[in-house]
Asker: 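Structure in structure tokens, see below.
Side-chain atoms are counted along with the backbone in the values below, which use heavy atoms only and exclude waters and symmetry mates. Throughout, a chain's letter reflects where its sequence line sits, starting with A, and its residues are numbered from 1. A quick note: this is a predicted structure, and the numbers were derived from the prediction, not measured.
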Amino acid sequence: DTAVSQTPKYLVTQMGNDKSIKCEQNLGHDTMYWYKQDSKKFLKIMFSYNNKELIINETVPNRFSPKSPDKAHLNLHINSLELGDSAVYFCASSQASGQGSKSSLHFGNGTRLTVT
Amino acid sequence: KNQVEQSPQSLIILEGKNCTLQCNYTVSPFSNLRWYKQDTGRGPVSLTIMTFSENTKSNGRYTATLDADTKQSSLHITASQLSDSASYICVVSAVNSSASKIIFGSGTRLSIRP
């Protein structure tokens, strides 16, 4: 039973296309996140949702738009893809909101996006 | 500026040996520090979490230490196994009255050789 699952695992697309990455968690957590891991392996938060409400929106181009239909799902839509968007995108969830809480983050296995 | 720096960047040791990974941080106000293990092609998995008052925490063969005065943490792995090959990421949380942040280190890539 996968706790945090995201699809697809790999995504190869051309510049200018629009794509989506889906994420679902079956842990009953209230908060979900999207992180981007660049080539230097740094994980950077992009968005955080608590009970379907956006609570964190870091400096991310507005081509990236999260959608949360319910608290178990947080999808990421990316419009007009650019070469610099190539990275691994991780979905995560936690029990409590606020990144400073002691609740651990549970990550999905990532989506490797390659823009050509 | 909130930063988390890890060393070494990569490490190769023989199976059965011990090793220690380092994490220095300049994060304020400090809330907690976590170590995560990230296997290739997988998401990070939490190993330990320590708050300001805790200076050591064990999880099997993994022992993390925290010195809040010097803002340093270490992760010691005992009797390494091939399955320990992974990236180990130090993560520090900062909390104030208006916001909270998580700052990730770039990780130490550990390779265990048979």
Asker: Of the backbone (N, CA, C, O) and the side chain (C-beta and beyond), which part of B/I103 lies under 4.5 Å from a heavy atom of chain A, both, or neither?
Answerer: neither
Asker: Please report the shortest heavy-atom distance between A/F90 and B/G43, naming the atom on each side.
Answerer: CE2-CA, 3.4 Å
Asker: Counting only non-hydrogen atoms closer than 4.5 Å, does A/K9 touch chain B with its backbone (N, CA, C, O), its side chain (CB onward), both, or neither?
Answerer: side chain
Asker: Please state whether the side chain, the backbone, both or neither of B/F30 comes within less than 4.5 Å of a heavy atom of chain A.
Answerer: neither
Asker: Would a single hydrophobic cluster contain both B/I112 and B/I89, if residues Ile, Leu, Val, Met, Phe, Trp and Tyr are joined by side-chain heavy-atom contacts under 4.5 Å?
Answerer: no
Asker: With A/K22, which residues qualify under salt bridge (Lys or Arg N to Asp or Glu O under 4.0 Å), at least two apart?
Answerer: none
Asker: Honestly curious: do A/L83 and A/I21 fall in one hydrophobic cluster under the side-chain, below-4.5 Å linking rule?
Answerer: yes
Asker: Side chain, backbone, both or neither: which part of A/Q37 has a heavy atom under 4.5 Å from chain B?
Answerer: side chain
Asker: Say you draw a straight line from CG of A/L105 to OG of B/S93; how long is it, rounded to the nearest 0.5 Å?
Answerer: 7.5 Å
Asker: Following the transitive rule for hydrophobic clusters with a side-chain heavy-atom cut-off under 4.5 Å over Ile, Leu, Val, Met, Phe, Trp and Tyr, establish whether B/F52 and B/V92 coincide in one cluster.
Answerer: yes
Asker: Atom CZ of B/R42 and atom CZ of A/F107: how far apart are they, to the nearest 0.5 Å?
Answerer: 14.0 Å
Asker: Tell me whether B/L47 is reachable from B/V91 by hopping between hydrophobic residues (I, L, V, M, F, W, Y) whose side-chain heavy atoms are closer than 4.5 Å.
Answerer: no
Asker: To the nearest 0.5 Å, what is the distance between CD1 on A/I45 and CZ on B/F104?
Answerer: 7.5 Å
Asker: To the nearest 0.5 Å, what is the distance between OG (A/S94) and CD1 (B/I102)?
Answerer: 7.5 Å
Asker: Identify which of B/G41, B/S87, B/G107 forms the greatest number of heavy-atom pairs closer than 4.5 Å to chain A.
Answerer: B/G41
Asker: Do B/L14 and B/Y88 sit in the same hydrophobic cluster, where Ile, Leu, Val, Met, Phe, Trp and Tyr count as joined when their side-chain heavy atoms come under 4.5 Å apart?
Answerer: no
Asker: Within a reach of under 6.0 Å around NZ of A/K44, are more than 12 heavy atoms found that belong to other residues, nucleotides or ligands?
Answerer: no
